[in-house]
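Structure first, commentary second.
Indexing begins at 1, ligand by ligand and atom by atom, following the structure's order.
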Amino acid sequence: MTYEDMQGKTYANTTYDVIVVGARCTGAPLAMLLARAGHRVLVLDRAVFPSDTLSTHWVLAPGVRLLREWGLLDAVVASGCPPVDRVWLDAEGLVLSGAPETVTYAPRRQVLDALLVDAARAAGAEVREGVAVRDLLWSEGRVAGVAGRDARGRQVRFEARMVVGADGRNSTVARCADAEPTVDLGALAATAYGYWADVPVCGAEIRIREGLGLSMWPTHDGLTTVAVTLPRSVYGRGGARETFAAALARVPEVRDRLTAGRAVGAVHGAQNLRNYFRRAWGPGWALAGDAGHHKDPIGARGISDAFTDAAGLFRALDDVLTSRLPEERALERFRARRDTGRAAAFAFVCRQAELGPLDDPFLARLREAAGDSLATRELLGVFTGERPLEEYLSAARDSGTVSAG
Ligand SMILES: Cc1cc2nc3c(=O)[nH]c(=O)nc-3n(C[C@H](O)[C@H](O)[C@H](O)COP(=O)(O)OP(=O)(O)OC[C@H]3O[C@@H](n4cnc5c(N)ncnc54)[C@H](O)[C@@H]3O)c2cc1C
């Protein structure tokens, strides 16, 4: 049996080592790594690339490091994405600023995701766009493939030894595999963001107020991304544009800069942003990226975590496919590393997303860091994902400025 893709190219309908559902920050690099290691990979996405998605797209230091390791950072830079080489943090009027250790980037998703899809294809993965997966195929208690529809509405079925859900927070694979949440704190905040021309920024600007987070950073085409995070109750009273305007009224210096510039495109909003970990695997299936674990975008950690999951799940699947480890051990190790590695950052991001008053230990740490360039760099490094939170907090505890709670 054969099938034809959207360009009319014909393929044999074979059994794959791995089918990856979702071809963005998790699925495309995972497929690329598997294909580079010689495995037969099929990637399916209902989107057709280049394709934008809801995201303010700041890739933090761990994500940038992985892009470099995969040989893709040069392409991001060559796409015209400006560097984020300074961070300016204003927490209730207390200001810290400095150059982070790693230069980071905030590429538009239609650029970044297309680049990742191209890299997966170049590595030998078969990528099919415009295919919506609707169901999992089961055989003897294991997931054995997927079923769905292609762009022309035809039913398609593909078989594989392993199926990966890299299909985002509304994951079809998670639903069909009954991958229930193991932690679920619900949605804590809402986000609205847009793009402005002629609003220069000096790297990333982050403002933290009780009940409000406001972030700005440079992206492609000379634009500045401007995002506000608000309690969900506030967002509920208006659409994204109104919510955005109301938030700006609290920060007149930014409102005036945006008024002097020019809005480009619509203001986007997102409010059902649940904070959870899901069961990560079962017989014949695994979840990675937002499909398995999601936290509020206020921390800008989703893309870096998606890349980290891609690298971690690649190692696990490679161990399984080359018979180095039994499936259960390899996938359980992936899950354990994901859960322990993310726990502190998850707690930190959820506290940020609650948008409560800044606590005294945090403010004390900010005051202590102000005027000390090394301490400033270390603290800003927590916001750029440079420095693992646990490491930073234990150093701060040792110096007696942050309580163990
Ligand atoms: C408002 C907002 C702002 C954000 N800002 C940032 C930020 O600044 N920095 C950061 O690091 N992160 C940010 N994030 C989070 C980040 O966008 C995500 O963590 C990241 O996109 C996760 O990548 P993923 O590949 O796991 O999932 P996704 O990017 O959601 O990709 C999933 C893919 O799966 C496909 N798919 C879904 N279901 C199916 C199906 N049934 N069949 C076929 N294909 C399917 C979709 O078409 C999609 O292409 C933000 C998120 C939001 C909502």
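Checked against a 3.5 angstrom limit, the closest N/O atoms of T53 and ligand 1 fall outside it. Below 3.5 Å of separation, one finds no N or O of F49 facing any N or O of ligand 1. An N or O contact shorter than 3.5 Å is missing between A23 and ligand 1 by distance. Residue contacts with ligand 1: Y193 is placed with no nitrogen or oxygen under 3.5 Å of a nitrogen or oxygen of the ligand (distance criterion only).
When each atom of ligand 1 is checked for a heavy atom of G289 under 4.0 Å away, the hits are 26 (O). Those atoms of ligand 1 that come under 4.0 Å of a heavy atom in H57, given as number and element, are 5 (N), 6 (C), 7 (C), 8 (O). The G22 neighbourhood of ligand 1 comprises atoms 33 (C), 34 (O), 35 (C), with distances under 4.0 Å to a heavy atom of that residue. Atoms of ligand 1 lying under 4.0 Å from at least one heavy atom of C25, given by number and element, are 23 (O), 25 (O). Within ligand 1, counting atoms from 1 as listed, the ones closer than 4.0 Å to a heavy atom of G302 are 10 (C), 11 (O), 12 (N), 19 (O). The contact set between ligand 1 and T172, taken as ligand atoms under 4.0 Å from a residue heavy atom, comprises 41 (N). Near L273, meaning under 4.0 Å from one of its heavy atoms, ligand 1 places the atoms 53 (C). In summary, the atoms of ligand 1 found under 4.0 Å from a heavy atom of L54, numbered by their order in the structure, are 17 (O), 51 (C), 52 (C), 53 (C).
Ring geometry for W58 against W217 counts as tilted: the plane angle lies between 30° and 60°, on a 0 to 90° scale. Using bins of under 30°, 30° to 60° and over 60° for the plane-to-plane angle, the ring pair H268/Y193 lands in the tilted bin.
Panel note: side chain H57, backbone A106; a donor-acceptor pair is recorded below 3.5 Å. For R342 (side chain) and F346 (main-chain N/O), no donor-acceptor pair under 3.5 Å exists by modelled atom type.
Scanning the protein for heavy atoms near atom 19 (O) of ligand 1, the closest one is D290 OD1, 2.8 Å. Protein heavy atom nearest atom 50 (C) of ligand 1, with residue, atom name and distance: P297 CB, 3.5 Å. Scanning all protein heavy atoms for the shortest distance to atom 5 (N) of ligand 1 gives T56 OG1, 2.7 Å. Of the protein's heavy atoms, T26 OG1, 2.8 Å lies nearest to atom 26 (O) of ligand 1. Protein heavy atom nearest atom 11 (O) of ligand 1, with residue, atom name and distance: I303 N, 2.7 Å. Looking only at protein heavy atoms, the nearest one to atom 9 (N) of ligand 1 is W58 O, 3.0 Å. Atom 46 (C) of ligand 1 has its closest protein heavy atom at D45 OD1, 3.5 Å. Ranking the protein heavy atoms by distance from atom 37 (C) of ligand 1 puts D167 O, 3.3 Å first.
Salt-bridge formation is not detected for the pair R250/E210: no Lys NZ or Arg NE/NH1/NH2 atom is positioned less than 4.0 Å from an Asp or Glu carboxylate oxygen. For the pair D150 and R154, the salt-bridge criterion is met [side-chain N within less than 4.0 Å of a carboxylate O]. Residues D339 and R335 are paired through a salt bridge, judged by an N-O separation under 4.0 Å between the basic side chain and the carboxylate. At a threshold of 4.0 Å, the pair R274-D296 does not count as salt-bridged, since none of the basic side-chain nitrogens sits closer than that to a carboxylate oxygen. Salt bridge E129/R121: present, at least one basic N to carboxylate O contact under 4.0 Å. Residues R337 and E332 are not paired through a salt bridge, judged by the lack of any N-O separation under 4.0 Å between the basic side chain and the carboxylate. By the 4.0 Å N-to-carboxylate-O rule, E180 lies too far from R278 to be salt-bridged with it.
Checked against salt bridge (Lys or Arg N to Asp or Glu O under 4.0 Å), D372 has no partners two or more places apart in sequence or in another chain.
Considering R109, R24, K295, E129 only, the shortest heavy-atom separation from atom 16 (C) of ligand 1 involves R109. Distances from atom 42 (N) of ligand 1 to the heavy atoms of I298, D309, V133 put V133 nearest.
Under 4.0 Å from ligand 1, the heavy atoms of V131 that appear belong solely to its backbone. The residue A106 has no part lying near ligand 1, judged by heavy-atom distances below 4.0 Å.
Under 3.5 Å, the side chains of R24 and S51 contain a donor-acceptor pair of N or O atoms. A donor-acceptor pair shorter than 3.5 Å cannot be found between the side chains of R108 and T219. Looking only at atom types and distance, the side chain of H39 has a donor-acceptor partner in the side chain of D318 under 3.5 Å away.
Contact analysis puts A166 in contact with ligand 1, with a non-hydrogen atom separation below 4.0 angstrom.
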